[in-house]
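In this text, all values refer to a predicted model and were calculated from it rather than measured experimentally.
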Amino acid sequence: MEGHRQILQARKSGHKPSTIFFDIGFEKIPARFEFEKPERALDYQLFPTVFVEQSEVSMRHDLRFIVGVNTVVCSPSWSDGLLDFLEKMTEARPLRITACCIREGREIMIWERGNWRSHA
């Protein structure tokens with residue numbers, strides 16, 4: 001998992017991003033510019049993005065940095081690992097989770113106030 005350290009540092013200093021993006025299971029693309037590096041988004045006043053490789057989806061992650069924050073998740077497919085990861089995210093109590101998959105269907109799932117709903 002990359003990109004979360006900048007968020008942890010910001011939260012410890014009293015700054016809470018309004019939205020955090022998660023890219024889960026995509027092939028890693030090397031950064032060409034400084035602002036594209038996973039741990040540098042907040043330095044350039046961009047929305048932070050956390051990159052989670054497919055092999056890391058099933059690992060235990062400390063996701064407390066998403067407490068009370070709008071969270072947007074994008075993944076190539078609705079795998080069992082992704083669905084488990086989304087459930088782990090709900091335990092961290094973000095304000096809202098919006099999840100979509102770009103290669104499978106056109107469904108968007110939204111978690112808010114403890115409930116999931118689907119938009120096709």
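For the pair Val72 and Thr19, the minimum side-chain heavy-atom distance is below 4.5 Å. Side-chain atoms of Val50 and Asp23, non-hydrogen and from C-beta on, never get closer than 4.5 Å to each other. Considering only heavy atoms from C-beta on, Phe85 comes within 4.5 Å of Leu63 through its side chain. Side-chain atoms of Thr49 and Phe22, non-hydrogen and from C-beta on, never get closer than 4.5 Å to each other.
A donor-acceptor pair under 3.5 Å is formed between the side chain of Glu39 and the backbone N or O of Gln6. Panel note: side chain His61, backbone Lys88; no donor-acceptor pair is recorded below 3.5 Å. Side-chain atoms of Gln54 do not come within 3.5 Å of backbone N or O of Phe26 as any donor-acceptor pair. Of the possible polar contacts, one joining the Ser75 side chain to the Ile24 backbone as a donor-acceptor pair under 3.5 Å is found. Without hydrogens or angle criteria, Glu112 side chain to Arg96 main chain gives no donor-acceptor distance under 3.5 Å.
For the residue pair Ser55 and Met59, the shortest heavy atom distance occurs at O-CG, 4.3 Å. Closest of all the heavy-atom pairs between Ala41 and Pro48 is CB-CA, 3.9 Å. Of all non-hydrogen atoms in Phe65 and Ile20, the two that sit nearest each other are O-CD1, 3.8 Å. Taking both residues in full, the closest heavy atoms of Lys16 and Val69 are given as CG-CG2, 3.6 Å, listed atom of the first, atom of the second, then distance. Among all heavy-atom pairs drawn from Pro17 and Ile7, the shortest one is CG-CG2, 4.2 Å. Closest approach of Leu42 and Ala10 over heavy atoms only: CD1-CB, 3.8 Å.
By the 6.0 Å contact criterion, CZ on Arg32 is open, its count of non-hydrogen atoms from other residues, nucleotides or ligands being 12 or less.
Using a 3.5 Å distance cut-off with no hydrogens or angles, the side chains of Glu87 and Trp116 do pair a donor with an acceptor.
Remark: Ile108 CD1 to Cys100 SG distance equals 6.0 Å, nearest 0.5 Å.
Remark: Lys37 does not engage Glu2 in a salt bridge, criterion side-chain N to carboxylate O under 4.0 Å.
Partners of Arg40 under the salt bridge (Lys or Arg N to Asp or Glu O under 4.0 Å) rule, at least two apart in sequence or in another chain, are Glu34, Asp43.
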